[in-house]
Each structure stands twice: as structure tokens, then as C-alpha cells.
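What follows is one structure encoded as C-alpha cells, with my remarks underneath.
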There are 2 protein chains.
Amino acid sequence: MGRKRTKSGKIRLAEVAELAGVSPITASRFFRNPDALSLAKRTRVESAAKELGYVPNLAARALASHRTEVIGVLIPSLTNNVFSDVLRGIYDASEGSPYSIQLSNTRYSILQEEKLLRLFLAQKPAGLIVTGIDQTAESHAMLEAADCPIVQIMEIGPNPVDMMIGFSHYEAARAAVAHLFGQGHRKIGFVGARMDPRVQRRLDGYQAAMKDAGLFDQRLIVATATPTSVTLGGALFTDLLAKSPDLDAVFCANDDLALGVLFECRRRDIAIPEQIAIMGFNDLEFMASAVPTLTSVRTNRYEMGRTAATMLIDAIEGRRPERLVLDLGFKVMERQSSSLRRSEIRPALSGAATANKMVALPSSRD
Amino acid sequence: MGRKRTKSGKIRLAEVAELAGVSPITASRFFRNPDALSLAKRTRVESAAKELGYVPNLAARALASHRTEVIGVLIPSLTNNVFSDVLRGIYDASEGSPYSIQLSNTRYSILQEEKLLRLFLAQKPAGLIVTGIDQTAESHAMLEAADCPIVQIMEIGPNPVDMMIGFSHYEAARAAVAHLFGQGHRKIGFVGARMDPRVQRRLDGYQAAMKDAGLFDQRLIVATATPTSVTLGGALFTDLLAKSPDLDAVFCANDDLALGVLFECRRRDIAIPEQIAIMGFNDLEFMASAVPTLTSVRTNRYEMGRTAATMLIDAIEGRRPERLVLDLGFKVMERQSSSLRRSEIRPALSGAATANKMVALPSSRD
DNA sequence: GTCGGTGCTGGTAGCGCTGTCAACGTTCCT
DNA sequence: AGGAACGTTGACAGCGCTACCAGCACCGAC
């Protein structure tokens, strides 16, 4: 298998204990609960460990203690840059903690999710982060029975298993449409891809807003299960135009689609926003520097991941947060693509973030 | 910590062995090396395990066997969508294998990388994937001494630690510049951000090509350590224009920058490619659907990750690949942004992929 | 008929760590 | 002064699995 086979300079806890002149169990306690040691022994063990370069054997620890320092994360996709932002937050929050992240990809299948969940749970993870609220009944039961804290991310809904952090995709979509109404648009199309549960709820929000305004028309909707892409945005927009030539705005279920629509408009010499307004979703970085700048709904993906992992770790360590369900809200970022007044770039309509008290974690990129 | 405390239906290997009517060690062998069992016992253990829903305790296995089924992956960034493609390949290849991926982010710091490496190695991983060839001497020594297969990814260079898969960023950049020369461009600028070792080597390739042609000029280069973004692309291009107003092409170190340049040209009413040609790097999906479509250098990121993990797993299991160093090559994708003839979209100049024999793994997106 | 192989199986002995509980010394209370 | 309460420490046992080696049956070869 490998190549070398260094019999290894095995520095075990016993060696550290011996050098420090204490029993192994005392040395063990130093790592688990240093406050339980007298100052003298604590410093002795500490320096002994440092001197020997001791690194604990995680497998032995897990076996003896019946728990692991693993946080399981179940996400539906690795491609989607929405999830890469969330993941970045999760990894950042876990850094410096003893917990390591174990990632699994459900590929948007709740059956696959159930399988992975079973696998995870068998290893007694310290905590679990799962995406969304659409688990199978079986999965839900397993989560309920699990002996560890759990955070559901990406959206909020009824019946949280334990903790929950996200925002309402339904309300975000309604706000997006309301913004377009406010700019005077009426024939607002919807372009969606992948159509996972959260995109579906955005579509629901769009439909509700349109129906409320008496403007709903099935021909204004183009949706496909195909994975999203910029190119697909152009193609779907083309379909939409064929169905509804008198369109005056497009609400895209994500920013890649919006960029595709932008390029397709360029290709067809459609003036934005004069002839057609464009609204995206997620507010990826490029939206603010496109020409024209593209309106979008800002969602706090990095914060979501970061806060989810922080809450989870706190809960693992016995500090359960006061609020188990956090609504991170959203914000309609009005830009040129939707503003008939060609207004300044400025935010509009904020979502009902019940979590305004939260520290605004810096969305720094690494 | 947790919430419930199910004492657990502990199904151990012993239970499986008992039901199957064999000794625990025989049951153990079934999972490690089924061929060593007689057919009768094999089927008995198999059905017993299934009946009881046995899931092995990984911690106990790791403790007893002195090895883990963990593949450590060290990458410099989680933000960069280049790495998300590579990661997707790695995760896809590991699926179905017993190995799980342990990811760590070096944040482009080789000191941090060294620290993480030490941590990983202490847990005796089954294998390791590390990014690039610029490790510290200490890191290199640890890798050489490591008792597991190792793959270096993203680029190829001298002195591989073990296996290596990537392509020459230097040659790719030279090919990019050569393509622009071929289109009649002479005053070719370079725009780079982040300036990690691989971007640096692209810059080196650019410089070499320009010097060879007697066209090198320091004022044609704008580079910053700032993390890359579309917006930054526009800003850097603005700087470049100020330094070299008579520019006729821009080679961007990545596609985000290229998109930023495209938008900035739109803003300034600079015709592409008539006034200025644009060339990106990586060939992200949107490049082919921008207006105009953007020329880029295609790199095989998903394949790189997928092949790296496959090779690693093979090596772990004793099937060391015949070729330890794989050059995956690159391909200049000529599109409208660089073609004064407004030619059809077609590939040009392919890199010296010595690995043409390799199966072209589908770059399917999930 | 004995010998050495081969194929399969089981016993023993831990892997390195921590849970549990007992024991100790000290302090503080009544 | 006696004893409870606390803080600190150590002995012991064992987590669930596998490495190692011995043992057994069976075979063919001499």
C-alpha cells in the first residue's frame, strides 16, 4: 500500500504523562478539561506535551469516549456556488475548534440523503448540518432520534428538528416581484432551473404575488429540472420570449440565469431595463459590476454557514443558543437592470430578518 | 451536549459473528478480505450483517489496524470556483469507496499548509492530496517520509513527492499569448490577481512569450495580491489602460477578471475585439455565452480532481498507476473576443497533454 | 505412510484513550 | 473536635476491532 513504514515515533499520552510526572489519566484530563487540574500539573503536562510534540490519537479517543469530533454536513450540490459560500462559512467557523467537517453530497436526492444520514449517524457525529426541510419521513425520524445537535440550513419552515437557520424563499420571491411592480412592471416572467424545493418555493412566491395582483399567467413561467448555467439562462429566456413576446420584466431564480438573460438581451438588442427589466437571486459578486448592473435579492450565504456551524458547536459544547430558529432575511438590491429611473445603486425592500441583532459577520473572501 | 441518549442498539461485529455462527475474527475478515473465506461462511456472514444492519465502528477499526480510511485534501481556497470543480471531481471519485474526504484550507499560506500537514499525518491518513509544488522544505520532508500515497495536483513540475497531476501554467500562458499574436495583436497586457504560485507562473509564461517576440514592456502588466473578483477585473483593466492607452489585447489570469474587463469595456464603449481583444483563463461555463463570447484557456479541473482521487485510491489499494506524473494539458478556446475575423467558435492550440490516452471523464455537473 | 504444503479458522492480546469510582488531602462548617 | 464538602488525583477496566500466530483438515508427493 504505502511506501515507507516508519515504525513511528509513537508519542502516546503515557509518554507525556511520564515526562510530566503524572498519571496518564491526569494528562488526559488536561486535554478535555484543563480547569480540573491544579495549576502546577497543568503547566507540567502542557510543557511535556509541547516538548514531545504530542498529537492525540483521535481513533482511540473516539473509541473510548463513544463520541467523535466530527460534524457531518449534508448538502445537495458541490457545483452550485451558493453552497460553496455556505461551506466556506462552515469551514471558517470550524477552524480552531476540535471539530472536523465531514461533507457528503446528496445530489438533490432525499433518498440519497436518507442513506447518507444513516451512515453518518452510525459514527455518532458530534453534530449534523442538513440542507433544507424536505427530508423523508424516515430521515426526519432518524434526525429526531439522533443523539446530537442538528442544524437545518438554507431556509426556515415549520417543525424544526432542532435548530434552523435560513430565510423564506417564498417571501424573498414575493419581495422581488413587489419591487418589480414598484418599478411599473406588469408582465413579469419567471425563469427557473434545477427546481429543487427552494427554487420551487421561489416560484410559489412569484405566483402568489402575481395572482394577488391579478397578473398571473402560466405563459410567463419557464422552468426546467436541468441544472442551472449561464447558457441555460439565455435558452430559457428565449423560450419565455416565444411564449410571451410582450414581456416587460424577468425574475430569474438565480444570478447565473440572470447573467444568461443579460447576454441574450445583448444578442437580441433588447434594451435593459427600458424594454425588459432583469432581476436575479442571491446577489453574487458579479451582479454589481455587470453592464447594466443587475438587480438581485441578496441572501446571506456565508453568514448562514458560519452561524450554523457556530450554533452547532456551541450546542455540542452545552451552550445551546437562546433562539433555535434564525431568520437571516434577504434584501432586494436595486440596480440599473430593474430601475426605469436608472437610479443610483441602492438597497430596497428588506426581508423580515428577525435576526437583526446578529453580529454582521464579515463576508471576507479568502 | 446532545438531547436524547439512546443507550443504542449496539450491533457489534461479535453479534454478527454469533448470528452467522463464526468467530468474530472470521466476520472481520469478511469485510477486509472476503476472498479468504469459504463460500459458505461468506454468505452466512453477509446475510447476518445485512439482517442486523451492521455498520462497522470506524474508530475501533482505525485503532486496531493503525490506519484510517481518510483521504486528506489540502487546498488553498474554498472561494475560488477553480477549486470547487476540482473538489467535485475528488468527491465524485471517492463516492462508493470506503474512503472519506477530509478537507483543509491553507488560505494560500505554505506555513499554514505545513501545520495542517503535520496534523493530518499524525492521524495516519490513507492518502493525501496536496495543491501545487511549492511546499516548505519541512513540508516536503514530511511528505517524503509519509507512510501513504500522495498526489500533488493543479500543476506539474520537477521532483514529484509521489504522484502528480496537472498541467503547465507556464506553457498555457505562452500558448495564450501565442494565440493573440496569431490574431495580429502586439500590445498585449496582463491582468492578474491573487498572484499565487500558479498565477505567477502564468505571468512568467506571458513574460517569456512577450520577450521572445521583443514586445515585452513592464507597463503592460498589472498584478495585485488582492483576491480576484469580477469587479476587480474592471478596476485592474482601468489601471492598465492608464499605463498603456495603446493596448490592443488583454490576457487575464482568470475568467472572473476577464468578465470584469468585458464589462469595463462596455462601460467605456471599447469594441471587442476590434479595439481590444480579451483572453481569459480556465474556461468557466459563462465564457462561451458572454457577448461577445470570450476566448479562454480550457483546463480540466473536474478531471484533475477525479483522476487524482482515483489514482490515489488505486495506490492505497496497492494498484499503483503506471504513470506517476500526468499532464492533463490545456486548450486555447478561441472565441469572438480575440478573433479579428469574428471566426466560428472553435478550439485552437492544444497543450502538450501527454495523457491523451486517458479516458475523457465526463465533466457532468451535478 | 510420512511429510510438507495450502486453505481456512480461531484464540490471544492488545491498539491508545477515557468513564467510573474510589481515595486522598484540605478547608469549612457546626 | 468531628464530619461534611470540595478539589484533585489515580487504578482499573474496557471501548470494538484487528494483527499475529497457531491449529486444523485436507491434499498430493515421495
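By convention in this document, chain letters (A, B, ...) are assigned in the order of the sequence lines, proteins followed by strands, and residues within each chain are numbered from 1. Note that this is a predicted model, so its numbers are computed, not measured.
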Q: With rounding to the nearest 0.5 Å, note down the distance linking CD in Q123(A) to OG in S100(B).
A: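 Nearest 0.5 Å value for the CD-OG distance: 9.0 Å.
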Q: Any chance you could measure I71(A), atom CD1, to Y99(A), atom OH, to the nearest 0.5 Å?
A: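 Result: 7.0 Å between the selected atoms.
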Q | Outermost nucleotides of DNA chain C that come under 4.0 Å of a non-hydrogen atom of chain B | A |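 Boundary nucleotides touching chain B, in 5' to 3' order, are dC8(C) to dG16(C).
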Q: Mind checking salt bridge (Lys or Arg N to Asp or Glu O under 4.0 Å) for R319(A) and listing every partner two or more places apart, or none if nothing turns up?
A: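 With neighbours one apart ignored, the set is D314(A), E317(A).
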Q: Please list, chain by chain and in numerical order, all residues satisfying ring-ring contact (aromatic ring centres under 6.0 Å, His included) with Y54(B), sequence neighbours excluded.
A: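 With neighbours one apart ignored, the set is F31(B).
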(Q) Looking only at the side chains, is there a donor atom on one of T136(B) and E114(B) sitting less than 3.5 Å from an acceptor on the other? (A)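 Yes, side-chain donor-acceptor contact under 3.5 Å.
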Q. Going by distance alone, is a donor N or O of one side chain under 3.5 Å from an acceptor N or O of the other, for T310(B) and R306(B)?
A.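 No, no side-chain donor-acceptor pair sits under 3.5 Å.
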Using atom [atom1] of [X] as one end and atom [atom2] of [N] as the other, report the distance to the nearest whole Å.
X      : N       : atom1 : atom2 : value
E18(B) : dG16(D) : CD    : C1'   : 15 Å
F30(A) : dG10(D) : CZ    : P     : 15 Å
D35(A) : dT8(D)  : CG    : P     : 9 Å

(Q) I'd like to know if E138(B) pairs up with R118(B) as an ion pair, taking the criterion as any Lys NZ or Arg NE/NH1/NH2 lying under 4.0 Å from an Asp or Glu carboxylate oxygen. (A)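 Judged by the 4.0 Å cut-off on N to carboxylate O distance, E138(B) and R118(B) do form a salt bridge.
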Q | Lys/Arg N to Asp/Glu carboxylate O, E69(A) vs R61(A), below 4.0 Å | A |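 Looking at R61(A) together with E69(A), the answer is yes, because their closest N to O distance falls below 4.0 Å.
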Q) Which nucleotides of nucleotides 17-24 of chain D have their base under 4.0 Å from a protein heavy atom (B), which only their sugar-phosphate (S), and which neither (-), written as one string 5' to 3'? A) BSB-----
Side chains of residues 12-23 of chain A: which donor-acceptor partners sit under 3.5 Å, not counting sequence neighbours?
from, atom 1, to, atom 2, distance (Å)
R12(A), NH1, E15(A), OE1, 3.3
R12(A), NH1, E15(A), OE2, 3.4
E15(A), OE1, R12(A), N, 2.7
S23(A), OG, T26(A), N, 3.4
S23(A), OG, T26(A), OG1, 3.1

Q | Heavy-atom closest pair, residues P160(A) and V325(A) | A |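 It is CG-CG2, 3.9 Å.
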Q: Please give the angle, rounded to 10 degrees, between the axes at the start and the end of the helix from dG1(C)-dC30(D) to dT30(C)-dA1(D), where five pairs define each axis.
A: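 The two end axes of the helix from dG1(C)-dC30(D) to dT30(C)-dA1(D) meet at 40°.
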